Amino acid sequence: MAAVLETNAPSPTGSAGLHRTDAYYRLRADIEEFLYSEAELLDERRFRDWLTLLTDDISYFMPIRRNVKFGQHGERENTRTGIGISWFDEDKWTLTKRVDQILTGVHFAEEPLSRVCHMVSNVQIKKVLPSLDDPREVEARCRFLIYQNRVEYETYTFVGKRTDVLRMTDDGWKIARREIILDQNVLLAKNLSVFF
Amino acid sequence: MINVLTLRSGDRLELEDGTIAEVLENMEDGMWVQVRYLQVPRNPAEEGAIELCHAQDIAKLLDVT
Amino acid sequence: MSHSRFDDPDKLVDTDRGFVSREIFVDPDLYKEELEKVFTRAWLFIGHESLIPKPGDFYTTRMGEESVILCRDKQGIVHAFLNSCRHRGMKVCRYESGNTSLFTCPYHSWTYTTDGKLQGVPHFRTLYEGLDREANSLVSVAKLAIYKGTIWATWDKDAPDFITYLGDAKIHLDQALDCRDGRSGGSEVIGVHKWIFPANWKFAAENFLGDTYHNPSHRSVDLIGIGPSAAAGKKGRRDDELEKAQHVWISFPEGHGVHSAIQPEENEYIESFLDNPVLEQYFRHCFEERKRRLGEQARLLPFVGTIFPNTSYHGRQPRGLCAWHPHSPTSTEGWRFFLVDADAPQEAKDYLRRYYMRYSGPAGMTEQDDMENWLYATAASMGTVARRYPFNYQQSLGAWTKDHHLGGTVSLQITEEIARGYYARWKSYLRGAAWDELLGVGGNLPQRAAE
């Protein structure tokens, strides 16, 4: 069987059909503001406050990425949520435990606390429900660059893409789903003790 | 120059030495296909032989299945 | 034969008095000697059958610093080859896994079949008259063993068979590989972590040898509770199933070490999965079945262990095998293979994978703290002055017995006897000892020369 050299399948993250209207840009600015505020909470180590930005049913997922043959990327490159082992495939309970652990003061992988800087860019709105005029749930895609410095000389740089589903609640936007695509195969870090 | 990844079993090839061969299996590495020699002007005794054929030995694609 | 400035391994490892030089964790010459003398001789864990179930399936693995292709050939026979073309050395496989008929070198297109034979050479007829294809096969391991699904290999044709190499550590490793209900084997790999950490590989190997003493470094997870009854309010990072057991720490003459536990005679099930009634029922069922199948032997439960030199296991939770691949004296690539019973109910598999992820590896709440320790222990041992001061391995010196039905050197209290045995064996490898000594034939570790 010959290989398929081109894929015509629409990319799940490709250009969505949202028209670049004023409503789109207003919504994007709103979402950007939310993502920057979230980054600020993490960089300021306000972990409990960060947890309040997550819906109770949040899915927080970071696949392991594998080196696969040409043409098999869609099917085999990333591990899947709900199946097998990924870097993270978590719910709010586990994320809360992670925060609890840091706040014990004896989680030595984060004691002393790392210096972490979250940068978010390339924000695009991919889907809006029910409509741009009444956005209740938004799928937003962005790039992240997270810099971590530990103790004296230890530094790690995590770069990749994120797809977030944000839900409007009485308390404003909350994160209902986060898929984190880290652009590494073998993890080039001793730990993933930062939040993405 | 053809991309051998696109060849399918049954395709007929003319090789650089004039051999006519039929693709039996695409090895899917972009370099090799397994072929059966149909006509071998330089040595007719090899007709029917099954060999790996490298991309750079393929002169042209004769018939596509 | 290379010569380092450490010509006498006895000066590096003194297990009688309980000292191990920091040099063996940081020195580049000793590291090169390890690659030559340990990693080309010992049996190394390279994968699991569930990763290559079908003919043509391959999984790219490692032995020491080197890339190795683990492959099931078209006849179904499992092979392991150095991942390097015989012509100019390019990797012939840079995919992690897959199914193939050929491994083709991207450099000059030499291509090899799934049994490692050189099959295709461009311009063979005109440029390579008389080339011996057989002699230019991919370099195969000297011996390969499949044991309860796990795959092991050695580069040493004189190495003993794998079961002999395991010695009395076998029944402990078995507990990690056998079904939870006591049936033999039956595990599958549900995923693999791969990550790099800046520490000597032996810190990781030793951590799993039965270094129970490092428990305080996991205080943060013990405080918050991440175990299978954590949501029900239990603290701690695991279940309670060993709370009434007699723990045993065993050093085996081959250099392996395990921390296992023997349940009391009545051996009753201890509720361990309170977060999920379905799981609780399933594991209770497994416990009773295992007891029925194994009888008295069901009292033995595994905890952790290291098969010399660099394969570690977690026998119960979070169940899996680790290979600690050396990258440099101060850098290690950890691979963690997570195991479940292949025929476990989906709900059990799903529960376990979630538990494994929150516990283990670089994203795991427990093991993050291990990596922090290994990194800074390595870093702080590199100094000129620091190297003058050996590590202290005197814990529970002399508190062991060789008169125990489990074999080996058994301690009933937390001990560094296992580490002492491990480094004594490491020293034998560095001396280039014969296999009799490496296996500790006679049941005793070699005594130091008469003093």
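Just so it is clear: chains get the letters A, B, ... in the order the sequence lines come, proteins before strands, and each one is counted from 1. Because the structure is a prediction, the values reported are computed rather than measured.
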| task | Give a yes or no on this: more than 12 heavy atoms of other residues, nucleotides or ligands lie within 6.0 Å of atom NZ of Lys74(C). | result | yes
| Looking at NE2 of His108(C) and CE of Met31(B), how far apart are the two atoms once the value is rounded to the nearest 0.5 Å? | 12.0 Å
| note | Distance col, row Ser101(C):OG vs Gln34(B):CD, nearest 0.5 angstrom, shows 8.5 Å
| Residue pair Met27(B) / Thr100(C), side-chain heavy-atom distance below 4.5 Å | no
| remark: Rounding to 0.5 Å, atoms NE2 (His54(B)) and OG1 (Thr104(C)) come to a distance of 8.0 Å
| Over all atoms of both residues, closest heavy-atom pair of Leu102(C) and Trp32(B) | CD1-CB, 4.2 Å
| task | Determine, for Glu16(B) against Arg125(C), whether the closest basic-nitrogen to carboxylate-oxygen distance falls under 4.0 angstrom. | result | no
